[in-house]
Amino acid sequence: MTERYDYIVVGGGSSGCVAAARLVKGAGARVLLLEAGHSHRHPLLDMPPGIFKMINGSKYMRYHQTAPQEHLDGRVHDIPQANVLGGGSSVNAQVYMRGRPSDYDEWHDILRGDNDYPGWRWADVLPHFRGMEGNHRLCDDRHGADGPLLVSDPGHINDYSRWFVQAVQALGEPFNHDFNGPAQRGVGFYQFMNRSGKRSSAAYAFIAPLADNPNLTVRLNASVRRIEIEGGAATGVTYRDAEGAERRAFADSEVIVAAGALVTPQLLMLSGIGPADQLRTHGIPVIADLPGIGENLVDHPEVPIIAIANGPHGYYRQGVGWRMLRNGLQFKLFGTGPITSAGVEAGAFVNPADPNAEPSIQAFCVPIVYLDRDTLGLVEDAYGMTITTVVVKPKSRGFVRLRSPDPGDMPLVSPNLLKDPADARAMIEGQRFFLRAFETSPLRERIGRVAIPDPGDLSDEALMRHCRRFVKTNYHPSGTCRMGAPGDPLAVLDSKLRVRGVENLRVCDLSAMPNINAGNTNAPAMMMGSRCAEFALGYDVK
Ligand SMILES: Cc1cc2nc3c(=O)[nH]c(=O)nc-3n(C[C@H](O)[C@H](O)[C@H](O)COP(=O)(O)OP(=O)(O)OC[C@H]3O[C@@H](n4cnc5c(N)ncnc54)[C@H](O)[C@@H]3O)c2cc1C
């Protein structure tokens, strides 16, 4: 039987779910949403701290392993990406951030020039953020209260989070009650994409309400292997279904690719769209020579500072044994307690080099000794806390390339974190700034010692060694099929997210970003899905 739809959306992640839902709701279009991963309905995905149980080994994640990284002493690190309906929004830490207005004004400067330019300034994207948002506390010209994406304050705040916020204020940073408000700078508590301890993912917020809508067909465990192109236009896709059978589906209007910034460029290349020399190396016939595909990979690098507590502070062992039972009971009976917290509650945006300039560093306060592949066995598993510092506007760029012409192989990924010396410098400044928080009351009195980096040697060289050894992804790979202005040789998409040189084909995930936003990336991905649907339908919310 031939499957025919108006639109096919490839990848049911943060951006893909929003695009599919808007196409169905906005125009009654017949949409096929193909998601390679699993159903999002799992108790550990629903409850905010479940991510800690999932992140280091779960079928809901796909683990991309980087090529050996020259600037990290040859180290290899993982980039976990979602493998589930809702994509990143089903597995992420739920921190609700949009970035700052200058991020989008910067896009505007990069993109304007197209005849058909739709506008990517802050004023152009704000209605999409606002329209999607159902904020439980804020409602003003920046925040919406009635949208489907539920946003709320942390359900539970650990003492370590409060002490962090107070210590950073004592260092001179203002308290910020809304990091998505007029100013990003300061310290405070994040808002989260959840309500009453339940995740508000793109799957729950946008797809679940359409469960009975006959115009939306969602297929899970359906992995797209190729976009079909005839006469210079996308006509459909070939995918492998849940039973392993190869199937074709046709799109009368458009194919929209939203498989995430690491898979989308791979999929385009496997379909004959990409750098011609690379395609030829793998024996793939060239349909459109777009040398920018896979280039410009940008991610937020993060580095931890870990301190051991001098008492029973933080969330140590709250997820095991009798504490887990107690917390579970509290959550079930009263809907309160640690289970309503994503495990990150407080954070900060600072610029240690110039406090009055836009922030260069974002920090996350994690009230546990956060152990991963790099720190396990090196730092003791004990009461303590971790401050993760992130460079928000990294200059380093990496790439995604094909390993082989087999769609079953993962692409070759090289993010080149800290390649640009400016990123390393910012990271060192950020480390120094937040190490001072541990020497400042009221945090100072609750810390036994700093475990990493070595507080006895805070020279540039020592901190640089620490960064090279422990830097990893903040889970925000972006930019690998970026939009660009006419005449930009590495632009893959025009400013309406259309793939250059191929008709009826758009990309709406984070690959499309001309530069990464300052802050977490889920809400921006949703905004791009929303705009993409409206471009496809021929109108845009303003
Ligand atoms: C562990 C983790 C924590 C994070 N924490 C936060 C946070 O707290 N706040 C925040 O704002 N952001 C956070 N992020 C980042 C944010 O979630 C992502 O940037 C965002 O979800 C990206 O959206 P996307 O649409 O570009 O891609 P994704 O949401 O990754 O969607 C891509 C989808 O495509 C599917 N797919 C892949 N290949 C195929 C194929 N061949 N065929 C069909 N489907 C395919 C994938 O399974 C996936 O569902 C986090 C991410 C991770 C991984």
Side-chain angles (χ1 to χ4, degrees), residues 8-19 32-38 40 48 51-52 54-56 58-64 78-99 149 151 180 190-194 199 201-203 219-227 237-241 256-264 266-268 270-271 299-300 302 342-344 347 362 364 388 390 407-408 410-411 473-481 507-513 516-517 519-529 532:
I8 297 175
V9 179
V10 177
S14 303
S15 57
C17 286
V18 175
L32 172 65
L33 178 62
L34 293 169
E35 165 54 44
H38 309 279
H40 60 294
I51 180 184
F52 288 108
M54 292 293 192
I55 195 160
N56 288 325
S58 138
K59 69 174 186 178
Y60 297 100
M61 295 283 189
R62 140 182 321 111
Y63 297 89
H64 293 267
D78 284 342
I79 310 181
Q81 293 284 277
N83 187 37
V84 55
L85 188 67
S89 71
S90 290
V91 298
N92 66 21
Q94 305 171 34
V95 174
Y96 181 68
M97 289 292 309
R98 303 156 166 186
L149 181 68
V151 175
N180 293 301
Y190 289 119
Q191 285 206 299
F192 295 85
M193 292 167 281
N194 66 38
R199 180 184 290 275
S201 65
R219 293 208 201 293
L220 301 178
N221 306 112
S223 184
V224 174
R225 300 173 69 81
R226 201 171 49 248
I227 298 149
V237 300
T238 296
Y239 69 98
R240 189 163 277 180
D241 71 12
I256 295 173
V257 188
L262 303 182
V263 177
T264 287
Q266 178 194 21
L267 213 46
L268 292 177
L270 291 172
S271 312
D299 199 353
H300 287 133
E302 67 165 53
V344 180
Q362 180 180 10
F364 298 90
T388 297
V390 175
M410 293 179 106
T473 175
N474 193 222
Y475 312 109
H476 301 157
S478 315
T480 49
C481 300
V507 170
C508 74
D509 57 29
L510 291 189
S511 349
M513 283 187 161
I516 197 163
N517 60 295
N520 310 66
T521 45
N522 186 63
M526 290 178 168
M527 176 276 289
M528 294 174 83
C532 180

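One-based numbering, in listed order, for ligands and for the atoms of each. Note that the structure is predicted; figures quoted are calculated from it, not measured.
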Looking only at protein heavy atoms, identify the closest one to atom 9 (N) of ligand 1 and say how far it is in Å.
Val95 O, 2.9 Å

Phe192 and Val151, any side-chain heavy atoms less than 4.5 Å apart:
no

Provide, to 0.1 Å, the distance between atom 38 (N) of ligand 1 and the closest protein heavy atom, together with that atom's residue and name.
Val263 CG1, 3.4 Å

N or O pair under 3.5 Å between Ile55 and ligand 1
no

Of the backbone atoms (N, CA, C, O) and the side-chain heavy atoms from C-beta on, which set of Ala222 has a member under 4.0 Å from an atom of ligand 1: side chain, backbone, both, or neither?
backbone

Can you find an N or O of Ile51 that's nearer than 3.5 Å to an N or O of ligand 1?
no

Could you list the residues that satisfy side-chain hydrogen bond (donor to acceptor under 3.5 Å, both in side chains) with Asp299, not counting sequence neighbours?
Thr473

So Met528 and Asp509, do their side chains get closer than 4.5 Å, heavy atoms only?
no

Polar side-chain atom of Ser223 near backbone of Ala36 as donor-acceptor pair, under 3.5 Å:
no

Nitrogen or oxygen of Gly88 less than 3.5 angstrom from that of ligand 1:
yes

What's the shortest distance from atom 11 (O) of ligand 1 to any protein heavy atom, and which residue and atom give it?
Asn522 N, 2.8 Å

Within the 4.0 Å heavy-atom shell around Pro80, which atoms of ligand 1 are there?
53 (C)

Heteroatom proximity flag, Gln81 to ligand 1, N/O under 3.5 Å:
no

Option with minimal heavy-atom separation from atom 37 (C) of ligand 1, where the choices are Arg62, Met513, His38
Arg62

Is the shortest side-chain heavy-atom distance between Arg219 and Asp241 below 4.5 Å?
no

Proximity winner for atom 43 (C) of ligand 1, if only heavy atoms of Gly99, Ala82, Ala36, Ala261 are counted:
Ala36

Has the side chain of Thr264 got a donor or acceptor atom that lies under 3.5 Å from a matching backbone atom of Ala259?
yes

Can a non-hydrogen atom of Met97 be found less than 4.0 Å from any atom of ligand 1?
no

With heavy atoms under 4.0 Å as the rule, classify the contact between Ala525 and ligand 1 as side chain, backbone, both or neither.
side chain

Within the 4.0 Å heavy-atom shell around Ser15, which atoms of ligand 1 are there?
24 (P), 25 (O)

For ligand 1, which atoms have a heavy atom of Gln94 less than 4.0 angstrom away?
7 (C), 8 (O)

Just by distance, do the side chain of Ser511 and the backbone of Cys481 share a donor-acceptor pair under 3.5 Å?
no

Among all protein heavy atoms, pick out the one at the shortest distance from atom 50 (C) of ligand 1; state its residue, atom name and that distance to 0.1 Å.
Asn92 CB, 3.3 Å

Measuring only between side-chain heavy atoms, which start at C-beta, is Pro407 closer than 4.5 Å to Arg240?
no

Assess the residue pair Tyr475 and Ile55 against the criterion (side-chain contact (heavy atoms from CB on, under 4.5 Å)); give the C-alpha distance rounded to whole Å, side-chain angles, the decisive distance to 0.1 Å, and a yes or no.
CA-CA 11 Å; Tyr475 312 109; Ile55 195 160; 3.3 Å; yes

Less than 4.5 Å apart, any side-chain heavy atom of Met410 and any of Leu262?
no

To the nearest 0.1 Å, how far is atom 35 (C) of ligand 1 from its closest protein heavy atom, and which atom is that?
Glu35 OE1, 3.3 Å

Nearest-neighbour protein heavy atom for atom 21 (O) of ligand 1, which is reported as residue plus atom name and distance:
Ser14 OG, 2.7 Å

If we number the atoms of ligand 1 from 1 as shown, the ones under 4.0 Å from a heavy atom of Val84 are 47 (O), 49 (O)

Number the atoms of ligand 1 from 1 as they appear, then name those within less than 4.0 Å of a heavy atom of Val224, with their elements.
40 (C), 41 (N), 42 (N), 43 (C)

closest protein heavy atom to atom 10 (C) of ligand 1 is Asn520 CB, 3.2 Å

Identify which of Tyr190, Tyr475, Tyr96, Tyr239 has a heavy atom lying nearest to atom 2 (C) of ligand 1.
Tyr475

Which atoms of ligand 1 are found less than 4.0 Å from any heavy atom of Ser223?
41 (N), 42 (N)

Of all residues at least two apart in sequence or in a different chain, which pass the side-chain hydrogen bond (donor to acceptor under 3.5 Å, both in side chains) check with His40?
none

Do Ser89 and Asn522 meet the criterion of a side-chain donor-acceptor pair at a distance under 3.5 Å?
no

Keeping the roles fixed (side chain from Arg199, backbone from Ser90), state whether a donor-acceptor pair exists under 3.5 Å.
yes

Asn474, any N or O under 3.5 Å of ligand 1 N or O:
no

Against ligand 1, does Val344 come closer than 4.0 Å with any heavy atom?
no

Donor-acceptor check, side chain of Arg225 to backbone of Tyr239, threshold 3.5 angstrom: yes or no?
no

Is there a polar contact between ligand 1 and Leu267, counting only N or O atoms under 3.5 Å apart?
no

Considering only heavy atoms from C-beta outward, does the side chain of Lys59 approach that of Asn83 to under 4.5 Å?
no

Check ligand 1 against Leu34 and write out every atom of the ligand that is under 4.0 Å from a heavy-atom position of the residue.
43 (C), 44 (N)

Should one rank Ala259, Gly16, Ala523, Ser201 by closest heavy-atom distance to atom 34 (O) of ligand 1, which comes out on top?
Ala259

Side-chain heavy atoms of His476 within contact of Asn517, under 4.5 Å
no

Heavy-atom side-chain proximity of Leu268 to Val507 below 4.5 angstrom:
yes

So if I count the atoms of ligand 1 from 1 in the order they appear, which ones are less than 4.0 Å from some heavy atom of Gly13?
29 (O), 31 (O), 33 (C), 49 (O)

Closest by any non-hydrogen atom to atom 32 (C) of ligand 1: pick that one out of Pro477, Ser511, Ala258.
Ala258

Suppose we measure from atom 18 (C) of ligand 1 to each protein heavy atom; which comes out shortest, and what is that distance?
Thr521 OG1, 3.8 Å

